[in-house]
Amino acid sequence: MKKILILTFAVLLSLFATAQTRRADTLFAKWEYFKAAKLYEKAIAKNPTQDLYYKLGECYQKMHHYKEALAAYDKVNAIGHYANADFYLNYGLVLKTNERYTDAKIAFKMYADMAPSDKRGLFYMNSCDTVIHDHQFDMPITVSAVSSLNSNSSDLCPMLYKDGVVFISSRQASGHGSKIYSWDGENYLHVFYAKKGKGDTSFGNVTPLESDLINREYHNGPVCFSRNFDTIYFNSVNKDLKGKEKRTLKIERNKIYYAVNKNGHWIDMKPFQYNNDTFSVATPYLTQDGSRIYFASDMPGGYGGADIYYCDKQNNGWSKPVNMGPNINTFGNEKFPSIDSSGNFYFSSDGYMGYGGMDICVAKSTNGSYAQVSVLKAPFNSAADDYGITFVKQGRIGYFSSNRKGGKGDEDIYYFDLDKDSLPCPITASNYVIGYKCPPKQKELAVVDTIVKDTTHHYVVANTPAKENKPVGVEKIVMRIPFDFNRSNIRPDAARTLDSIAIVLHKNRNLNMMVNGYCDSRGTYPYNQTLSEQRSKATVKYLVSKGIAKKRLVPKGYGKTKFLNQCSDGVVCTDDQQEVNRRVEMWFTPTKTEAVSTIE
């Protein structure tokens, strides 16, 4: 009888756990991850399986609770090999956000082996090397949590407004923040205002922005304003769907709205003309002159999850949305656009070789076009999610949001002031990017027109005084300039060498030059092919700026090929060893080759 009772009890527990799992699965499918996680935890207590731990980890990952997600995924991994390849991709991402980079590389490699057609595995695996390498050059920059704004809830996306800041928060306040968002178990986000005190981190009482038009029942914000603060743009979620549409679409989408301020009150709220029930339109940013609005959307036809688009102001509204293209958007998600007073374009993304989660990125503005995107270095970025940067003083002082370790709530607002940091070299936020390090301290190289052999039997520009009428040979002459990891900009030391080469070309009009770009072994072949071409084009562009005719220069990229040392694919090397292969080689030729220049 005792055995029968034990067996019966075990069967009942199993049935109970199965019922909980089914209910949790239903909640998961409805994006109610907070409630689903609680049920998965109860089911695990009775029947701890790999599948349940994986589902629990997915819930926490969706909620951006990376510590709890890692604990669940570690259990999956400890039990043994898991047949679902997606687990190893998610596991690697969560390992990375918890700064376990070596383990993350193993997980990404496992995913790459199980899903070889998906390039994300190798991409993210190589990104771990990027982070490890880049932390060698961290600078003593201080970012501080703004205690007068932060709470135990989520506080994010500050925006300067009149004599203070406006931001969004899930905190409770009178008349706001009482409903629970089933995705993460927090209150819905609402828009709050705080008046600035004597300093940039001192703010008065935090109160809801007084407007029922803006602070509605569900999620509201982030927001942006026109230059004189008389118009507000914000995204909001409303439960408008009914009947068949609600059953079919299942989830409400973010939509952008705008309102005008009259006599201190927000009135005349209207929807953005490209709102849609089938995709989100969110995180708006209005340019200073009001002529263009940027936003993030997962509308069909993009490059990844959410892409950044823009519309230009017209007499009858806004132009059709324009995708910012593959120079900005990736296979991942791009959100939170903003522009500084120099025209540099900031946004956050999880599709670049960054530190983990969402990273703040910048595309520098050059003559009206954007340069290659770079990821801001630590501590602007962390292993967690970082986004929503805004400036008080151009490139030097400002705020951003993060859910990094050590915060007060799920997300917090942080402040930086580069003017107060004791830095070894001048920097701004827009140039403090992946691969950045202070320019080397060395004597200026003499401008020369002499070419000699170096100790490795390659011809280089000699560091000797110029001599008039020195004959220049053209056989087997090759010169090299180095590049930083994942960068194509001309370094100061390379610029001095190119200045000398320009002198040689000016004084030897019969010479043309092959300009060949190369990369180290990290990264994919297609990515490095593009990067090597960018390096050769940047070199040609620099020489053209020194008065060398473009037709005398022939750029070509060779990607990750023709290594000068043992650091090929799969070989562990130091960055100094890898740098040998990150180069442009320049060959003098007495006549124009058959190759055609692609420099625009």
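A side-chain N or O of His64 and one of Asp385 form a donor-acceptor pair less than 3.5 Å apart. Glu411 and Ser401 form no side-chain donor-acceptor contact under 3.5 Å, judged by distance and modelled atom types alone. Residues Glu186 and Ser153 have side chains that never bring a donor and an acceptor to within less than 3.5 angstrom of each other. For the 3.5 Å distance criterion, the side chains of Asn403 and Asp410 fail to qualify, holding no donor opposite an acceptor.
A distance of 11.0 Å separates CG in Asn275 from OG1 in Thr278, rounded to the nearest 0.5 Å.
The two residues Ala43 and Thr21 make their nearest non-hydrogen contact at CB-OG1, 3.6 Å. Asp86 and Asn84 make their closest contact through N-OD1, 3.0 Å (heavy atoms, listed as atom of the first residue, atom of the second, distance). Contact between Gly407 and Asp412 at its shortest, heavy atoms only, is CA-OD2, 3.2 Å. The heavy-atom pair separating Ala104 from Cys128 by the smallest distance is CB-SG, 3.9 Å. The heavy-atom pair separating Ala145 from Asn150 by the smallest distance is CB-ND2, 3.8 Å. The shortest heavy-atom contact between Tyr399 and Leu160 is CE1-CD2, 4.2 Å.
Residues His81 and Tyr88 meet the side-chain proximity criterion, which asks for heavy atoms closer than 4.5 Å. Side-chain contact between Tyr233 and Ile293 is present, with at least one heavy-atom pair separated by less than 4.5 Å. Using a 4.5 Å heavy-atom threshold, the side chains of Ser169 and His190 count as separate. Between Arg582 and Cys519 there is no side-chain heavy-atom pair separated by less than 4.5 Å. Using a 4.5 Å cut-off on side-chain heavy atoms (C-beta onward), Leu418 and Ile141 make contact. Residues Tyr436 and Cys425 are in side-chain contact: their nearest non-hydrogen atoms beyond the backbone lie under 4.5 Å apart. A heavy-atom distance below 4.5 Å is not found between the side chains of Thr130 and Asn486. Taking the side chain as every heavy atom from C-beta outward, Val191 and Phe234 never approach each other to under 4.5 Å.
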**Message:** Go through it in stages, so that I can follow the logic: the residues are Phe331 and Tyr352, the test is ring pair (Phe, Tyr, Trp, His ring centres under 6.0 Å), and I'd like the CA-CA distance, side-chain angles, deciding distance and then a yes or no.
**Reply:** CA-CA 9 Å; Phe331 62 83; Tyr352 288 89; 8.7 Å; no

**Request:** Report the C-alpha separation of Asp155 and Lys408 in whole Å, then their side-chain angles, then the decisive distance to 0.1 Å, and conclude whether the salt bridge (charged side-chain N to carboxylate O under 4.0 Å, His left out) test is met.
**Result:** CA-CA 10 Å; Asp155 304 287; Lys408 186 175 182 180; over 6 Å; no

**Message:** Pair Asn581, Arg583 - check side chain to side chain contact (heavy atoms under 4.5 Å, CB included), show working.
**Reply:** CA-CA 6 Å; Asn581 297 317; Arg583 71 201 190 274; 4.1 Å; yes

**Request:** Could you go through the side chain to side chain contact (heavy atoms under 4.5 Å, CB included) check for Arg491 and Phe483 one step at a time?
**Result:** CA-CA 7 Å; Arg491 291 174 12 179; Phe483 288 81; 5.5 Å; no

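Tyr181 is linked by a side chain to side chain donor-acceptor pair (under 3.5 Å) to nothing, counting only residues two or more places apart in sequence or in another chain. Listed by chain and residue number, Ile44, Tyr53 satisfy the side chain to side chain contact (heavy atoms under 4.5 Å, CB included) test with Pro48 (two or more places apart in sequence, or in another chain). Residues passing the side chain to side chain contact (heavy atoms under 4.5 Å, CB included) test with Thr142 are Ser144, Asp421, sequence neighbours excluded. Judged as a side chain to side chain contact (heavy atoms under 4.5 Å, CB included), and not counting sequence neighbours, the contacts of Gln372 are Ser488, Tyr527, Leu531, Gln534. Residues passing the ring pair (Phe, Tyr, Trp, His ring centres under 6.0 Å) test with Tyr303: none are found, sequence neighbours excluded. Remark: Ser402 pairs with Ser382, Asp386, Phe400, Arg404, Tyr414 by the side chain to side chain contact (heavy atoms under 4.5 Å, CB included) rule, at least two apart or across chains. Shown here are the ring pair (Phe, Tyr, Trp, His ring centres under 6.0 Å) partners of Phe563, two or more places apart in sequence or in another chain: there are none. With sequence neighbours excluded, the residues forming a side chain to side chain donor-acceptor pair (under 3.5 Å) with Asn489 are Arg487, listed by chain and number. By the side chain to side chain donor-acceptor pair (under 3.5 Å) test, Lys62 is found to be paired with no residue, residues two or more places apart in sequence or in another chain being considered. In this view, Ser297 satisfies the side chain to side chain donor-acceptor pair (under 3.5 Å) rule with no residue, not counting sequence neighbours.
Relative orientation of the Phe137 and His133 rings is perpendicular, given thresholds of 30° and 60° on the angle between their planes. Ring pair Tyr294/Tyr310 is tilted by interplanar angle, where 30° to 60° counts as tilted. Between Tyr274 and Phe272, the ring-plane angle classifies as perpendicular under the 30° and 60° cut-offs. Between Phe295 and Tyr309, the ring planes are parallel. Angles under 30° get that label, and only those over 60° would be called perpendicular. Taking the six-membered ring for Trp and thresholds of 30 and 60 degrees, Tyr73 and Tyr54 have ring planes inclined between 30 and 60 degrees apart.
The residues Lys255 and Asp277 are annotated as salt-bridged, a charged nitrogen and a carboxylate oxygen being separated by less than 4.0 angstrom. For the pair Asp134 and Lys377, the salt-bridge criterion is met [side-chain N within less than 4.0 Å of a carboxylate O].
Within the structure, salt bridge (charged side-chain N to carboxylate O under 4.0 Å, His left out) pairs that include any residue of residues 89-118 comprise Asp74-Arg100, Glu99-Lys405, Arg100-Asp103, Lys105-Asp129, Lys109-Asp113, Asp118-Arg120 (at least two apart or interchain).
Of the options Trp183, Tyr40, Tyr60, a ring pair (Phe, Tyr, Trp, His ring centres under 6.0 Å) to Tyr33 is made by Trp183 and by none of the others.
Asn327 contributes no side-chain N or O that, together with a main-chain N or O of Ala371, makes up a donor-acceptor pair within less than 3.5 Å. Looking only at distances, no side-chain donor or acceptor of Tyr432 sits under 3.5 Å from a matching main-chain atom of Lys437. Between the side chain of Tyr285 and the main chain of Ile339, a donor-acceptor pair closer than 3.5 Å is present. Distance alone, capped at 3.5 Å, is enough to place a donor-acceptor pair between the Gln50 side chain and the Gly80 backbone. No donor-acceptor pair under 3.5 Å is formed between the side chain of Ser127 and the backbone N or O of Met353. Judged by distance alone, the side chain of Ser280 and the main-chain N or O of Asn254 form a donor-acceptor pair under 3.5 Å. With Asn344 contributing its side chain and Asp340 its backbone, the two residues share no donor-acceptor pair below 3.5 Å. No donor-acceptor pair closer than 3.5 Å links the side chain of Asn528 to the backbone N or O of Lys560.
Enclosure of atom NZ in Lys35 is not indicated, since only 12 or fewer non-hydrogen atoms of other residues, nucleotides or ligands lie within 6.0 angstrom.
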Between side-chain atoms of residues 356-365 and protein atoms elsewhere (two or more places apart, or another chain), which donor-acceptor pairs fall under 3.5 Å?
residue, atom, partner, partner atom, Å
Asp359, OD1, Tyr355, N, 3.3
Asp359, OD2, Tyr355, N, 3.1
Asp359, OD2, Gly356, N, 3.4

